[in-house]
Amino acid sequence: MGSIETLVVATLGEAAGRQTLAMLAIDPALLTQRGDTVSRAAFAMALNVTLFADLLHRVPSGKAYVADTLARGGKVMFDHGALRSIRFPDGPTGALPGGEDAFTRIFLPLGYAMAAIYPLDRLKMTGRAYRHSDFPEAIPQFFLSELHVDRFDPEFAEAAARVFGTSRDPLDDRAKAMLARYEAGEAVQLVDAIATLPVILSAFDRQHDAPGFADYQLLLSRSNEAAWIATEGNGFNHATDRVADVAALAERLKAEDRPMKEKLEVSATGRVRQTAFRADSVERLFADGELRQVPGSFYEFISRDIDPATGRLDLAFDTGNATGIFAMTSAQAGASR
């Protein structure tokens, strides 16, 4: 087996691993990598495959779409995944590095570089795109956003500190050592990569305790995104399928009565077009022991045209598009956008 297949099967199990790999269109240059060591590109792709499997496990609407795509003879071209983080002005979030720092320590050693910054001022957030240096079009990007606590009022900051201050650091010494070897350009043994992938995967989850309901309501009154992070943490907010004609796909999915966003988001250049399903509802446990329905994650679709300036696929994002897509996790998702 190639390195990616070995890592995915070891992490997800034989049946689930092979099933997930069969869903995705993966560059053969990545799939043929094999041997006793694992390249940073192969590890990054295996991480993305396992994250995609986790997203489908939590998003029934996305799982149903992928099943339909496979039944039609297609595969998913996994374009990017998105995640959210919290940035306090005075440093870490509990035991977790603050904001994007919790993830750049993973992304950079695995060969990612920051491609662009996207101010999301209306949401009091900043988005950053991380693109893989070795296979920029084939390995999914990460759209990593930070919510800035210091842009809110003191009451919000106090509630945020109570909710997120209990955060733990999921990375153990072995995972940190493996990332350090990748960062130094050293070989990483397959056995170490197999042992470490589940630990790295666990970073894409909620690291803090169940929130108090009063604190959740206060966060929600100021920011849908803060409330979402309170229940979902750093899990994938969405995963995105790169398709040839997102507008035509959106019309078909609306006709099939799928939970579609009403409005197509089009970038300022016109080259990047996006839409999404509305977030699926999930049950989450709060600190008072009660289970409550809250917005979960969702599945997104994107079309990218060639950038005439480079002759390559336009891998950029767009502030307006991102702001519109983020609304999919609000209580009124899709009502006006």
Side-chain angles (χ1 to χ4, degrees), residues 44-45 47-52 54-55 58-59 62 76-87 99-108 110-133 135-148 203-205 223-226 228-229 232-243 246 261 264-269 271-277 279 295-304 313-330 333 337:
M45 190 68 219
L47 172 62
N48 275 286
V49 173
T50 56
L51 285 167
F52 187 79
D54 174 67
L55 187 282
R58 295 183 289 110
V59 181
V76 171
M77 182 66 209
F78 185 10
D79 182 87
H80 71 273
L83 60 155
R84 298 171 175 178
S85 65
I86 288 282
R87 170 70 75 180
E100 69 157 359
D101 300 347
F103 292 95
T104 54
R105 61 181 178 158
I106 296 170
F107 296 161
L108 300 181
L110 294 183
Y112 282 89
M114 190 178 71
I117 299 175
Y118 298 93
L120 305 172
D121 294 336
R122 202 174 87 191
L123 306 177
K124 298 181 173 64
M125 302 179 82
T126 300
R128 295 177 178 89
Y130 283 86
R131 188 178 303 164
H132 204 275
S133 301
F135 293 86
E137 293 186 16
I139 295 178
Q141 295 186 75
F142 288 102
F143 191 89
L144 172 58
S145 59
E146 287 182 331
L147 186 138
H148 302 284
F204 298 79
D205 202 345
S223 166
N224 282 303
E225 291 71 33
W228 190 92
I229 303 168
E232 308 308 295
N234 306 121
F236 254 16
N237 173 256
H238 62 265
T240 306
D241 191 356
R242 188 192 304 162
V243 300
V246 72
K261 186 179 186 299
L264 193 69
E265 300 292 340
V266 181
S267 67
T269 66
R271 292 190 295 268
V272 181
R273 298 169 301 282
Q274 295 166 261
T275 191
F277 288 149
S297 297
F298 62 95
Y299 197 89
E300 186 192 29
F301 311 90
I302 194 167
S303 288
R304 296 184 180 276
L313 199 66
D314 189 340
L315 295 174
F317 294 92
D318 181 271
T319 293
N321 282 19
T323 301
I325 290 293
F326 271 37
M328 292 301 92
T329 55
S330 71
R337 300 245 357 150

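Atoms considered below: every heavy atom in the structure, side chains included; atoms not considered: hydrogens, waters and symmetry mates.
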task: Determine the sole option in R304, E300, E265 for which the side-chain hydrogen bond (donor to acceptor under 3.5 Å, both in side chains) test with Q274 is passed.
output: E300

message: Please report whether the ring centroid of F142 lies less than 6.0 Å from that of F103.
response: no

task: Could you tell me whether a side-chain N or O of N48 sits under 3.5 Å from a main-chain N or O of A44, the two making a donor and an acceptor?
output: yes

task: Name all residues meeting the side-chain hydrogen bond (donor to acceptor under 3.5 Å, both in side chains) criterion together with D101; count only those two or more places apart in sequence or in a different chain, and write none if there are none.
output: R87

task: Give me the ring orientation class for F236 and F78: parallel if the planes are under 30° apart, tilted from 30 to 60°, perpendicular past 60°.
output: perpendicular

message: Evaluate F301 against R242 for side chain to side chain contact (heavy atoms under 4.5 Å, CB included), listing each step before the verdict.
response: CA-CA 6 Å; F301 311 90; R242 188 192 304 162; over 6 Å; no

message: Under 3.5 Å, is there a donor on one side chain and an acceptor on the other for Y130 and E100?
response: yes

field: Aromatic ring pairing F277/Y299, orientation class (parallel under 30°, perpendicular over 60°, tilted between)
entry: tilted

task: Taking D318 for its side chain and A268 for its backbone only, find out whether a donor-acceptor pair lies under 3.5 Å.
output: yes

Minimal non-hydrogen separation, A203 against N234, with atom names: O-CB, 3.8 Å

- prompt: Of all heavy-atom pairs between I117 and T126, which one has the smallest distance, and what is that distance?
  reply: CG2-CG2, 3.7 Å

message: Between S267 (side chain only) and R273 (backbone N and O only), is there a donor and an acceptor less than 3.5 Å apart?
response: no

task: Run the numbers on D314 and T269 for side chain to side chain contact (heavy atoms under 4.5 Å, CB included), then give the verdict.
output: CA-CA 10 Å; D314 189 340; T269 66; 4.1 Å; yes

Interatomic spacing from CG in N237 to CZ in F204 - rounded to 0.5 Å: 13.0 Å

message: So that I can tick it off, tell me whether E146 and R84 are bridged by a salt bridge, with the cut-off set at under 4.0 angstrom between side-chain N and carboxylate O.
response: no

- prompt: Would you say W228's side chain and G296's backbone share a donor-acceptor pair under 3.5 angstrom?
  reply: yes

- line: For A138 and M77 the tightest heavy-atom approach is O-CE, 4.1 Å

- prompt: Can you check whether F143 and H238 have ring centres sitting under 6.0 Å from each other?
  reply: no

